[in-house]
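Index from 1, following the sequence. Model, not experiment: these values are computed from the prediction.
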Amino acid sequence: MINKIARSVADALADVKDGSTVLIGGFGTAGNPTELIDGLIAQGAKDLTVVNNNAGNGEAGLAALLKAGRVRKIICSFPRQADSQVFDGLYRSGRIELELVPQGNLAERIRAAGAGIGAFFCPTGYGTELAKGKETREINGKHHVLEYPIHGDVALIKAEQGDRWGNLTYRMSARNFGPVMAMASRHTVATVHEIVELGMLDPENIVTPGIHVSQVVRIARVATQAGGIKISAKLASRA
């Protein structure tokens, strides 16, 4: 019987190895798998390459993983923000490596890994430092840069509902990088707020099929720092 439900975050992350490439979903606080990041800190894996949209906010989540000294390299689009002081300090002191990737290129490089694409040409970044040392080609009168897929050993993502086969649905913008990261990784761990019986998820609403998911962990629903859940509840009560 297929049952991908893990008893705990610790069980789901027990096999993450030193030196792994870890894809972490989220766009700011939307879809950020904080519980899994905290679990990875507790698990102890080090010398990691982390792929994320940014380089952490404040002192929690990804920023806490960086502060713990577990990350050797980060691949992201937005490393500098008002509250990215942890990354900023590490980068300025030479204690972390950065690969800066335009956001669309980042999403497509991850998607390409899941789709089995060997490489692709993209115009974004041509003529800038981001294209330095990369192969370029003119296609239909426009210059392009050769980009390669980003494969993950592990993906940590946050979903809304799941079943024991690993089928997942997402809540609005929390979906962001989760689906492509699940496809691009050898081992995907997803947190969900609700685990349902097989057949209860409408097939038309399943975004990530269970074939791309290794383990599912149920977590409690907690309002984000921006108060998104609380705000939604207030709006719903006025409707």
Task: Check: S77 main-chain N/O paired with Q103 side-chain donor or acceptor under 3.5 Å - done: no
Task: Qualifying residue for side chain to side chain contact (heavy atoms under 4.5 Å, CB included) with I75, from N52, L98, L106 - done: L106
Open item on the list: Check this for me: does any side-chain nitrogen of one of K17 and D153 sit under 4.0 Å from a carboxylate oxygen of the other?
Closed with: no
Open item on the list: Working to the nearest 0.5 angstrom, can you tell me the gap between Q43 CD and D38 CG?
Closed with: 13.0 Å
Task: Under 3.5 Å donor-acceptor, T169 side chain and I206 backbone - done: no
Open item on the list: I'd like to know if E147 pairs up with R111 as an ion pair, taking the criterion as any Lys NZ or Arg NE/NH1/NH2 lying under 4.0 Å from an Asp or Glu carboxylate oxygen.
Closed with: no
Task: Straight-line distance of E194 CD to L201 CG, nearest 0.5 Å - done: 8.5 Å
- [ ] Answer yes or no: is there a donor N or O on one side and an acceptor on the other, between the side chain of K73 and the main chain of I96, under 3.5 Å?
- [x] no
Task: Trace of the side-chain contact (heavy atoms from CB on, under 4.5 Å) decision for V51 with T21 - done: CA-CA 7 Å; V51 182; T21 295; 4.2 Å; yes
TODO: Among R175, R171, R221, find the one that has a side chain to side chain donor-acceptor pair (under 3.5 Å) with E160.
DONE: R221
Open item on the list: Among T188, L13, V16, L23, exactly one meets side chain to side chain contact (heavy atoms under 4.5 Å, CB included) together with L156. Which residue is that?
Closed with: L13
Task: Non-hydrogen atoms of A182 and I157 that approach each other most closely - done: CB-CD1, 4.1 Å
Open item on the list: Side chains of H143 and T136, heavy atoms from C-beta outward: is any pair under 4.5 Å?
Closed with: no
- [ ] Look at the rings of F121 and H144 and say which category their plane angle falls in: under 30° parallel, 30 to 60° tilted, over 60° perpendicular.
- [x] perpendicular
TODO: With the side chain counted from C-beta on, respond yes when V213 and Q215 share a heavy-atom pair under 4.5 Å apart, and no when they do not.
DONE: no
- [ ] Would you mind listing the cluster partners of I2? Hydrophobic ones only (ILVMFWY), side-chain contacts under 4.5 Å, chaining allowed.
- [x] W165, L198
Task: S214 side, atom OG; R186 side, atom CZ - distance, nearest 0.5 Å - done: 11.5 Å
- [ ] Answer yes or no: is there a side-chain heavy-atom contact under 4.5 Å between P79 and I74?
- [x] no
Open item on the list: Could you measure the distance from the CZ atom of F78 to the CZ atom of F27? Nearest 0.5 Å is fine.
Closed with: 6.5 Å
Task: Reported CG-to-CD1 distance for the pair L65 and I24, which is rounded to 0.5 angstrom - done: 6.0 Å
Open item on the list: Quick check against the 3.5 Å criterion: does R72 have a side-chain atom that pairs as donor or acceptor with the backbone of E97?
Closed with: no
TODO: Dump the intermediate steps for side-chain contact (heavy atoms from CB on, under 4.5 Å) on L36 and V9, then the final yes or no.
DONE: CA-CA 6 Å; L36 294 179; V9 168; 4.0 Å; yes
Task: H151 side, atom NE2; S185 side, atom OG - distance, nearest 0.5 Å - done: 10.0 Å
Open item on the list: Quick one, Y91 and R80 - any side-chain contact, counting heavy atoms below 4.5 Å?
Closed with: no
TODO: List the steps, then state whether side-chain contact (heavy atoms from CB on, under 4.5 Å) holds for L90 with V71.
DONE: CA-CA 10 Å; L90 291 171; V71 181; over 6 Å; no
TODO: Please answer whether the main-chain N or O of D11 pairs with a side-chain N or O of S8 as donor and acceptor at a distance below 3.5 Å.
DONE: yes
- [ ] Using the side-chain contact (heavy atoms from CB on, under 4.5 Å) rule, take N176 and N53 through it: C-alpha gap first, then chi angles, then the decisive distance, then the call.
- [x] CA-CA 10 Å; N176 52 71; N53 185 60; over 6 Å; no
Open item on the list: Distance alone, cut at 3.5 Å: any donor-acceptor contact between the side chains of T191 and R218?
Closed with: no
Open item on the list: With a 4.5 Å cut-off on side-chain heavy atoms, are R164 and E197 touching?
Closed with: no
Open item on the list: Contact between D18 and L48 at the side-chain level, heavy atoms closer than 4.5 Å - yes or no?
Closed with: no
Task: T128 side-chain N/O to L130 backbone N/O, donor-acceptor pair under 3.5 Å - done: yes
Task: Side chain proximity check, I195 to I5, heavy atoms < 4.5 angstrom - done: yes
Task: Non-hydrogen side-chain atoms of K134 and K132 separated by less than 4.5 Å - done: no
